[in-house]
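Some notes on the structure that comes next.
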Amino acid sequence: MYGNAVAAALEDARRTLGRDIIAGDGGASVLRRYAAAVDREIQRLYAAANGDALSVALIALGGYGRHHLCPYSDIDLLVLFGGAIGAAEERFLRDLLHPLWDAGLVVGHQIREAGELAALEDDNPEFLLAVCDARHAAGDAALCRRLREAWDRPRTRARVLAALSELMETRHAQFAHTLYQLEPDVKESPGGLRDISAVRTIAEACDPSLLRRNEDDAARLDRAENFLLRIRALLHLERRRNDNVLSHELQEKIAGELGYPGQSPRQQVESLMADYFSHARGVARTLDRVRRTAPAPVGVNLGRTADGVRFIDEARAGRQPDVWLSAFQAAIDAGVAVADETLDCIRRHADGVSFAGLFPTAERATALLAFLAPRAGLYARLSEMHDCGLLERMIPPFRGVTCRVFRDFYHKYTVDEHTLQTIRNIERLVSHPEARPRFSGLLRELDAPEQLVLSLLLHDVGKWRDEDHAVESVRMAEGLLDQLQLSPRATETVLFLIRHHLRMSQVAFRRDTEDPEIVREFAALVGSEERLKLLCLMTLADVDAVSPETLTPWKEELLWRLYVDTYNTLTLQYGDDLIERTQSMVAACVERRPPDLEAGEIAAFLEGLPKRYLQLFDRRAVYEHVQLARDIHPDEVHLRLVRAETAWELTVVTLDKPMLFANICGVLSSFGMDILRGHAMTNPNGLVLDVFQFADAERFLALNPGASEAVLHALEEVVAGRSNVADRLRGRLRGLRRRPLPRVDPIVRIDGTVSRKYSVLEIVLPDDFGLLYRISRAISEQGCEIDLVLISTEGHTAIDVFHLTRRGAKLTSAEQEALKSFLQRTLEDNE
């Protein structure tokens, strides 16, 4: 019943459309009225199908969405549901679509749930292009707006443009890339309606002002569109189907219907086709210009052109300084410069802009830190920021050293340029790692390399005064770090680097580093491997930025030797210095404790742990560990699993028991986790604190609801002895495709002299599945206790250092040899 009514209504609308075109109305206005007639039928069917009872929107797409619906065109319709599709929704679809099909209409319908809009950029290209012209036809208008918002993202718009370009090339190739077809397809041929739509889509996706900059283009496009739509509508009416080819036969008929001048049909056809080719050529010319000049969308109000990244709407950008950083981020991501006009725009508006104006939220401040990650182009982008006055707005202490001359016998550059050169030196370690592979390797190992760049930006800001510039730089940096809302640990690290940025070069170049006491003293100052790596890289970059001649190969070698000696001192004697209850570091932790922790509870937890513990973990982590250890009983294990910035972190607190470390490693490996770093510590009361950082390469934790609980439950079962970790690993190995490992003999060294309390075992070999489990299990099977562990992975090489005792004492020479032989057999057997 509804189908007949729809058919009758549309047939009537088509007759009206034909009369209006012959009467001389423009194609766009006539088709708009026809599309409105279709809208009315769609809305009537929506009401009859009881659409208001559901969360649903009917959205016109493509030509129908543009109101350019020709008489026998497909009706592209998106049915977008707000929730899941159930029986009621399926009934609605049936009641909506069947009458349209009964009326003989071809309905190109898409059915989606709103939840699918989150990944719109991954959708098929034809659908993305059709969404460009999405228009609300019936139902919930808010759902239609959500669709437009999902489309209006830089990544989606970039995907649309890529798809459009690809489809356009394919389509033009079908017509031999020429618009001069004697029987043209007015929709598909070069210069046809699809090309007009492409021009408008490019402008919509890249820069809406593209068609406003050249009034001739806009007017020419409108005229061509009107002409081609009239022709296409007449072709449909003549053929009574979706046929868009202006054949010889129909050229003569349409030329007569439109009243083209000429004494003969041939002359009328020649006039019609001359008009056609004139319009098609104009469309092709406009399309070519737009494709050449359109910026590629790379961010909100940002596009990339041949000149670099620029603001699409400069007036809007001038009012929104909080988005300026995104232009530089987009440029560094794309490996291009920031366009001069964008720098000029910032320069014009920078006066009076404050730090709070640039970074109004913590999220924006975090974006600045992310931008500082060392990579190719960082020096150039920072230099552009400095040139346009943005850098000193983002890093206010930097203003005091802009163009500052610091007169001595060594420096070749002003203070600001010296500072930027230090960052260029770090950038080179990324872009040319072969030049200094040892230092490049250190940079890759850093957890937060952006902290190194931030420290370099601030290390000389105190040089505007004549006093100790390191002290003044620290004072000036403190305020900025508060504004950036850095974590306490990150703040301490940056301030440490600024305060001591001259120290490593003084020791390396002016002290006898063959004297173990000099190295021990320097190691005590640095305290941890991470700080040592940061300070080493900072020293390298700083000295090399003084002048081209300052960092000689000999000095570079001295610096590296000091790094190696200090690293060995830190790692091999790390377990000898223990925290005592009366030390100031304990008092500092107690003094700033949260209200739910007792002073005695903190002191008891810390006493007997290695001093290094307080250098590895900030106070917030310490307090979390104390809380985790609270009320623990012999058969219990207290666990904490969180997602850290670059990896997952597992904290285990329990009382010491055999095979503990091996079992934890085994459980993590059984879930496919790649252990990156681990620290294991024991206090004299048998309390064990193990902290592991691991990568979840298979995204087991991210993709599976309840995965964290599964890992923690498995750990509890294994540690309590209710489950066998070896069984779990065998199951994992059966489904594992193991990568081929390089044929390298394992290095196993045991030293009983470097530590007062421990025998130190060092193992270097290719990393492999379950390696830590096998090593630690073998150690336990030899009757040794693992008191301290340092795990490090460099590329595919595992470097693990274990601090061991046996029955509470160092291993005898015979025990060392026995353990070494057993480990070598165990590791070689596995190969």
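Judged as a side-chain contact (heavy atoms from CB on, under 4.5 Å), and not counting sequence neighbours, the contacts of Gln329 are Ile332, Asp333, Phe371, Arg375. Residues meeting the side chain to side chain donor-acceptor pair (under 3.5 Å) test with Asp288, sequence neighbours left out: Arg292. Residues forming a ring-ring contact (aromatic ring centres under 6.0 Å, His included) with His98 (at least two apart in sequence, or on another chain): Trp101. The ring-ring contact (aromatic ring centres under 6.0 Å, His included) test applied to Phe355 returns Phe359, not counting sequence neighbours. Qualifying side chain to side chain donor-acceptor pair (under 3.5 Å) partners for Arg157, counting only residues two or more places apart in sequence or in other chains: Asp152. Asn301 is linked by a side chain to side chain donor-acceptor pair (under 3.5 Å) to nothing, counting only residues two or more places apart in sequence or in another chain. Partners of Arg239 according to the side-chain contact (heavy atoms from CB on, under 4.5 Å) rule, which considers only residues two or more places apart in sequence or in another chain, are Arg241, Asp243, Ser247, Glu249, Leu250. Listed by chain and number, the residues in a salt bridge (charged side-chain N to carboxylate O under 4.0 Å, His left out) with Arg319 amount to none (sequence neighbours excluded). Applying the side chain to side chain donor-acceptor pair (under 3.5 Å) test to Arg348 and every residue at least two apart in sequence or in another chain returns Glu314.
At most 12 non-hydrogen atoms from other residues, nucleotides or ligands lie less than 6.0 angstrom from CD of Glu166. The local environment of CZ in Arg304 is sparse, with at most 12 non-hydrogen atoms from other residues, nucleotides or ligands closer than 6.0 Å.
Taking the six-membered ring for Trp and thresholds of 30 and 60 degrees, His236 and Tyr72 have ring planes inclined between 30 and 60 degrees apart.
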- prompt: When you look at Trp151 and Glu204, which way does the side-chain contact (heavy atoms from CB on, under 4.5 Å) test go after all the steps?
  reply: CA-CA 11 Å; Trp151 186 90; Glu204 172 74 12; 3.8 Å; yes

- request: Might you work through the salt bridge (charged side-chain N to carboxylate O under 4.0 Å, His left out) test for Arg146 and Glu149, ending with a clear yes or no?
  value: CA-CA 5 Å; Arg146 284 182 63 182; Glu149 289 167 2; over 6 Å; no

message: Using side-chain contact (heavy atoms from CB on, under 4.5 Å), reason through Val298 and Val309 one step at a time and then give a plain yes or no.
response: CA-CA 8 Å; Val298 291; Val309 171; 4.3 Å; yes

- request: Take Arg364 and Leu325 through the test side-chain contact (heavy atoms from CB on, under 4.5 Å) and record every step on the way to the result.
  value: CA-CA 9 Å; Arg364 298 281 184 174; Leu325 176 63; over 6 Å; no

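The minimum heavy-atom distance linking Glu89 with Ile85 is given by the pair CB-CG2, 3.8 Å.
Arg240 and Glu11 are joined by a salt bridge, as a carboxylate oxygen and a charged side-chain nitrogen come within less than 4.0 angstrom of each other. We find that Arg310 and Asp207 are joined by a salt bridge, their nearest charged nitrogen and carboxylate oxygen being less than 4.0 Å apart.
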For residues 53-66, dump all side-chain donor-acceptor pairs below 3.5 Å to protein atoms at least two apart in sequence or in another chain.
residue : atom : partner : partner atom : Å
Tyr64   : OH   : Asp39   : OD1          : 2.5
Arg66   : NH1  : Asp133  : OD2          : 2.8
Arg66   : NH1  : Ser197  : OG           : 3.4

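Put simply, CG on Leu210 and OG1 on Thr286 are 11.5 Å apart, with the number rounded to the nearest 0.5 Å. For the atom pair Arg32 CZ and His68 NE2, the distance stands at 7.0 Å (nearest 0.5 Å). In this structure, SG on Cys132 lies 13.0 Å from CZ on Arg200, to the nearest 0.5 angstrom.
Pairs passing the ring pair (Phe, Tyr, Trp, His ring centres under 6.0 Å) check and including a residue from residues 29-54, sequence neighbours excluded, read Tyr46-Phe92. Applying the ring pair (Phe, Tyr, Trp, His ring centres under 6.0 Å) definition to pairs two or more places apart or across chains, those involving residues 197-229 are Phe227-His279.
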